[in-house]
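Note sheet for the following structure.
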Protein chains: 2
Amino acid sequence: MSEYSVTFQPQNKTARVKKGTTLLEATQKAQITINNICGGDGICGRCKMIVKKGRVYGEVSSKLTREEIQQGFVLACQTFIKNDLVIEIPEETWAKEKIIADEDAERFRDFEQVLLYKKEYIPSPLIAKIYLELEKPSLSNNNADQQRVCDTVRKKLKYRSTQMGLKIIKSLPKILREHDYRITATVGLRRDIAEIMNIEGGNTEDKNYMIVVDMGTTTIVAHLVDANSMRTIDAKACFNSQGIYGREVTGRMIAAERKGTAELQQLLIDDINRLIGGLAKDNKVNLKYITAIVCAGNTAMGHFLLGLPTQNIRRSPYIPTSVAPPPLRAAEVGIEINPRGLLYSLPGISGWVGSDITAGILATGINEKEELSMLIDIGTNGEIVIGNKEWLVSCSASAGPALEVINEECGMRAEKGAIEKVYVENREIKYKTIGDLPPRGICGSGIIDLVSVLLNEKLIDRSGKFIIPKERNSDRIQYFDGIRGFIIADSQQSQTRKPVFITEADIESVITAKAAIFAAMSILIGRLELDFLDIKHFYIAGAFGNYINIENSINIGLIPDLPRDRIEFVGNASIKGAKIVAFYKQAFYKVEKIRERTTYYDLMGANDYVEEFKKAMFLPHTDIEMFRRK
Amino acid sequence: MSEYSVTFQPQNKTARVKKGTTLLEATQKAQITINNICGGDGICGRCKMIVKKGRVYGEVSSKLTREEIQQGFVLACQTFIKNDLVIEIPEETWAKEKIIADEDAERFRDFEQVLLYKKEYIPSPLIAKIYLELEKPSLSNNNADQQRVCDTVRKKLKYRSTQMGLKIIKSLPKILREHDYRITATVGLRRDIAEIMNIEGGNTEDKNYMIVVDMGTTTIVAHLVDANSMRTIDAKACFNSQGIYGREVTGRMIAAERKGTAELQQLLIDDINRLIGGLAKDNKVNLKYITAIVCAGNTAMGHFLLGLPTQNIRRSPYIPTSVAPPPLRAAEVGIEINPRGLLYSLPGISGWVGSDITAGILATGINEKEELSMLIDIGTNGEIVIGNKEWLVSCSASAGPALEVINEECGMRAEKGAIEKVYVENREIKYKTIGDLPPRGICGSGIIDLVSVLLNEKLIDRSGKFIIPKERNSDRIQYFDGIRGFIIADSQQSQTRKPVFITEADIESVITAKAAIFAAMSILIGRLELDFLDIKHFYIAGAFGNYINIENSINIGLIPDLPRDRIEFVGNASIKGAKIVAFYKQAFYKVEKIRERTTYYDLMGANDYVEEFKKAMFLPHTDIEMFRRK
């Protein structure tokens with residue numbers, strides 16, 4: 001089939017694509033990141049472009065005005081390529097060029113130089129480098145080359161068994177003799193066996209680095225760590241390029257079924273490779289000295305990483321292909337570190353409770369405490385674990401996107417210009433944006449604040465409906481497409497010259513989302529015949545968690561009203577847990593035990609879920625007494 | 001570089017080769033087997049060919065007569081290609097086309113349908129197939145596909161740990177659901193871990209075959225075995241095509257250094273693949289149901305199989321690259337069985353004591369007996385083990401080729417027309433040939449008989465010198481190039497119209513060879529402060545061993561004069577041992593223990609070797625009392 005070239009302005013980047021490709025797919029091929037929230041469903045209207053030259057086809061979108069259509073505006077996701085094109089991407093659409101790391105994503109990189117978590121573990125990185133001065137062969141010491149190396153490594157590192165690939169075995173005679181039997185062995189843990197995966201001449205023990213990755217649905221964070229000093233050297237983050245196929249993993253899984261998992265896999269691998277490349281370059285670390293990559297993330301992301309089929313994750317009974325894939329050669333999936341370097345995927349629990357959670361359990365130590373803990377990761381999909389050293393139960397609540405991106409018009413991810421905080425000062429509802437720029441929209445933490453503030457200011461009632469105010473703020477409540485809404489920033493203040501607002505429908509989405517999460521927590525507590533107050537440690541994980549306001553979250557009933565000293569933000573527990581695994585062999589085995597020990601409770605099988613959900617559909621809850629403990 | 005075509009008549013086969021290639025190499029490329037003993041050194045004169053068309057270059061050989069040179073005769077190994085050629089291969093040179101198995105080699109195939117060796121081992125083939133009816137997933141049983149399969153296999157087969165490759169993991173969702181969770185798993189042992197290497201829909205448990213190979217320097221034997229019934233279905237053998245680079249492994253190791261190990265490896269792999277292909281076809285077994293190949297052989301052959309560097313094996317202190325390579329994917333070296341099938345190389349002991357010996361120890365059970373045993377494998381390189389359940393010591397004696405191929409003129413391998421037995425009947429020295437055809441030469445078993453008969457008939461003295469007889473046989477002793485020799489078959493009887501004879505120089509070579517082996521045995525016995533009579537079991541292994549005459553072997557002092565009931569031919573102990581490993585997981589671990597337990601004693605480090613060797617340079621020995629026990 002013939003190919004056409006599509007040139008995007010002002011980036012002046014060209015992609016060669018087949019007829020019938022969408023403009024959105026073409027931007028991806030040209031490595032341009034654009035605004036896109038709905039994942040190509042044509043409903044967010046964010047991916048506007050102007051056809052300057054050439055012909056396209058596709059339905060006319062109601063998201064475009066007549067004027068826009070006359071000027072050549074199209075929605076990139078709904079427009080198909082017919083011949084060679086020149087396309088202009090207006091600034092409102094164009095986010096920025098995809099560079100090594102996204103500046104906005106960087107605030108999620110969660111950089112801590114020293115891993116604060118301290119345990120009884122003995123330092124033992126998954127990949128160890130060991131310098132050996134081997135005894136030289138003689139008639140009375142005529143052990144073969146491979147056995148000479150393997151026996152010595154086994155004794156020194158106290159492994160029960162070692163293995164070595166054919167390629168390395170073949171290289172031994174030369175390397176041993178050229179370097180006078182002084183070599184450095186790179187030894188990686190593959191489940192129960194240690195693999196001698198590389199042999200270098202001389203002493204290169206000091207050069208041993210690993211990459212630790214949290215594969216978030218929205219943001220990918222990569223840390224470069226020194227396996228010897230166990231210090232984090234640098235961290236980078238970028239937005240997940242799979243976003244082109246949807247903000248939520250479900251959309252991406254559907255895309256994977258249509259286009260093949262390989263396409264989704266490639267986007268993720270490219271992101272990770274870019275981050276690794278940037279970390280290596282900035283810190284002057286040769287890729288060949290990066291011997292391992294340790295990854296955690298939700299189960300769908302874990303599947304995309306390896307190219308595993310995802311189609312059964314989104315269909316009852318929600319069965320993943322694997323929750324505990326074996327360590328693999330990183331090169332097998334295209335990750336660019338040492339060609340023989342290993343890729344460790346942390347084990348997850350179920351299709352909807354991923355390895356970010358097992359990592360979180362490990363990082364918080366829930367699994368070793370006498371006292372009861374709860375860990376939640378708030379997102380489109382809320383993941384919850386409750387337990388102690390005796391038992392662990394997890395579940396997942398489908399909250400929908402409202403807690404992160406409230407609606408197509410005003411919701412946005414936590415990029416510059418997003419309203420991230422809403423508060424009352426001098427009886428005025430005020431806001432703060434990321435980067436202190438004029439607002440472009442509102443992100444998750446801002447949404448929670450806003451609903452809480454509207455409730456406190458009695459602008460909405462406990463069911464989320466607007467109460468018409470008599471005085472202050474009355475002009476800020478207006479109708480949007482026939483639905484009442486509240487204007488946070490008007491068109492004068494806004495960067496886009498359009499007001500930033502929240503409607504009654506949006507507030508209902510927020511209530512639905514928080515109710516889904518709270519109902520899930522309630523069901524777990526109920527099943528175990530506990531009370532929320534039995535929870536001694538309440539951990540909020542996730543990049544998002546770092547930025548939410550606890551009082552406001554309790555105020556709207558997103559999280560239970562516990563004594564404040566029991567509530568702790570643990571940040572990116574996923575990357576913290578993955579790093580513990582990377583540094584401590586015992587943790588590698590422990591996280592597998594956590595997986596085996598953690599029961600997954602599927603809420604689809606809970607007949608009281610609807611009832612609990614309905615009870616949580618108020619601000620903060622039908623049972624208001626639960627939220628009067630402050 | 002430009003290529004030329006070389007067409008061989010009467011086979012009418014053409015090879016395309018580069019300028020400077022030898023004709024010998026071209027025959028190999030055209031897959032034609034020709035007579036060749038010296039391995040291309042230009043000294044045996046067996047590879048005569050006639051250049052019919054085109055130009056060649058190279059030195060004129062003294063092995064050719066002036067008449068032959070005028071007729072266009074050349075030695076293939078000494079003649080280089082200059083342009084397109086037509087070559088005639090005379091019948092004396094042309095052995096036969098390389099077919100699946102060599103008819104002559106077939107007598108070494110060592111076929112026994114049932115493995116006679118019985119042990120306390122529990123039947124457990126290295127590759128097991130197991131049919132599973134998995135529990136179907138539900139909300140309350142939502143284990144992932146991989147874990148569902150792995151957990152079940154682990155429980156059923158009682159493995160501590162299982163692994164699964166990415167490709168198989170990816171295939172699981174489809175295969176499980178298409179076959180209603182009824183599948184057959186193929187589970188292979190990889191050192192300490194069980195690998196689920198294949199998943200098929202439905203029940204294919206009954207189709208599980210393995211190939212067991214003895215990689216001899218001269219002959220390659222392959223058995224097709226049924227892993228379920230533990231029966232041998234069929235066996236085939238062929239001559240080792242590496243013979244083109246020399247009869248002995250040393251010549252081949254030199255060739256590997258010059259041409260790269262890959263070339264030698266390819267010849268071996270091609271031979272093995274041809275045998276497998278033939279076995280599969282004749283027995284209507286689909287290659288995909290052959291799940292493993294288990295190989296034993298001397299250390300050099302083991303290296304060639306995997307393409308490992310051999311250059312240090314032939315140089316002091318004789319260090320191999322590996323004596324215990326890991327199980328590998330058979331496809332990794334090009335062996336054509338199931339694409340995911342495994343290749344097991346049995347572990348050997350040193351550069352000159354290979355896995356054929358560890359397999360022999362396992363097959364004879366030396367390692368488990370209270371009593372003392374000795375095992376020898378007579379060949380160009382004699383391998384010797386002595387020991388019991390407490391200890392095992394091995395050594396290797398370089399005997400040279402004289403016990404197998406006496407000289408370039410009359411020596412030949414055990415093919416049709418070879419004199420295999422020499423005996424006295426009615427006071428006449430008579431012979432028997434393989435296939436009862438007119439003689440073409442004499443093979444190893446015939447040489448031992450002949451020297452023994454000459455000694456008994458007092459035609460030679462104890463130092464191997466001819467005694468001029470007064471009456472009978474006097475006409476059979478003649479001078480060959482100024483050296484006295486004995487004619488076994490005259491030019492009238494011979495197929496080649498040239499006499500088959502043995503000279504004093506040849507007899508000296510035989511004495512040297514047997515002295516090397518006997519001296520090695522003596523050194524071991526001496527070091528351990530034992531007497532030969534302490535040996536309660538004397539095992540003679542190797543295809544060659546099957547055909548030698550014990551009385552004659554003792555008579556010339558090749559083997560010690562023990563009570564005859566202690567001497568046992570064990571045939572191809574290499575393939576027997578490999579088969580035990582194939583069928584019994586415990587034997588797989590045991591043979592590794594044998595490797596670790598067996599000391600290698602290098603005779604190069606023995607300062608009394610020369611003395612012992614000199615003492616054995618008589619027929620049967622200087623100490624004649626040692627051989628008067630009959």
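Side chains included, hydrogens not; waters and symmetry mates left out as well; all remaining heavy atoms used. Letters A, B, ... are given to chains in the order of the sequence lines, protein chains preceding strands, and every chain is numbered from 1.
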CD1 of B:Ile193 to CD of A:Gln163: how many Å apart, nearest 0.5 Å? 7.0 Å
Residues in residues 323-332 of chain B that sit under 4.5 Å from chain A, counting heavy atoms only: B:Val323, B:Ala324, B:Pro325, B:Pro326, B:Leu328, B:Glu332
Can you tell me if A:Glu596 has over 12 outside heavy atoms packed within less than 6.0 Å of its CD? yes
Could you check A:Arg595 against B:Gln147 for side-chain contact (heavy atoms from CB on, under 4.5 Å), going step by step and ending with a plain yes or no? CA-CA 11 Å; A:Arg595 171 189 89 75; B:Gln147 282 64 45; 3.6 Å; yes
Give, as side chain, backbone, both or neither, the part of A:Ser138 having an atom under 4.5 angstrom from any heavy atom of chain B. backbone
Pair count under 4.5 Å, heavy atoms only, with chain A: among B:Lys174, B:Gln311, B:Arg177, B:Met604, highest is B:Arg177
Residue selection (most heavy-atom pairs with chain A, distance under 4.5 Å) from B:Ile319, B:Ile313, B:Thr599, B:Thr261: B:Ile319
Counting heavy-atom pairs closer than 4.5 Å to chain A, which one of B:Asp602, B:Thr321, B:Asn143 comes out on top? B:Thr321
Let me see the working for A:Leu172 and B:Leu308 under side-chain contact (heavy atoms from CB on, under 4.5 Å), right down to the final yes or no. CA-CA 9 Å; A:Leu172 287 179; B:Leu308 302 181; over 6 Å; no
To the nearest 0.5 Å, how far apart are CG in B:Leu306 and NZ in A:Lys170? 8.0 Å
Bottom line for A:Thr310: the part with an atom under 4.5 Å from chain B's heavy atoms is neither
What part of A:Val149 gets closer than 4.5 Å to chain B, counting heavy atoms only: side chain, backbone, both or neither? neither
Note: B:Leu139 and A:Pro317 closest approach over all heavy atoms is N-CB, 3.6 Å
Distance, nearest 0.5 Å, that separates NE2 of B:His303 from CD1 of A:Ile169: 9.5 Å
Hey, could you give me the OG/OH distance between A:Ser140 and B:Tyr601, rounded to the nearest 0.5 Å? 10.5 Å
Which pair of non-hydrogen atoms, one from B:Asn142 and one from A:Pro320, has the smallest distance, and what is that distance? O-CD, 4.5 Å
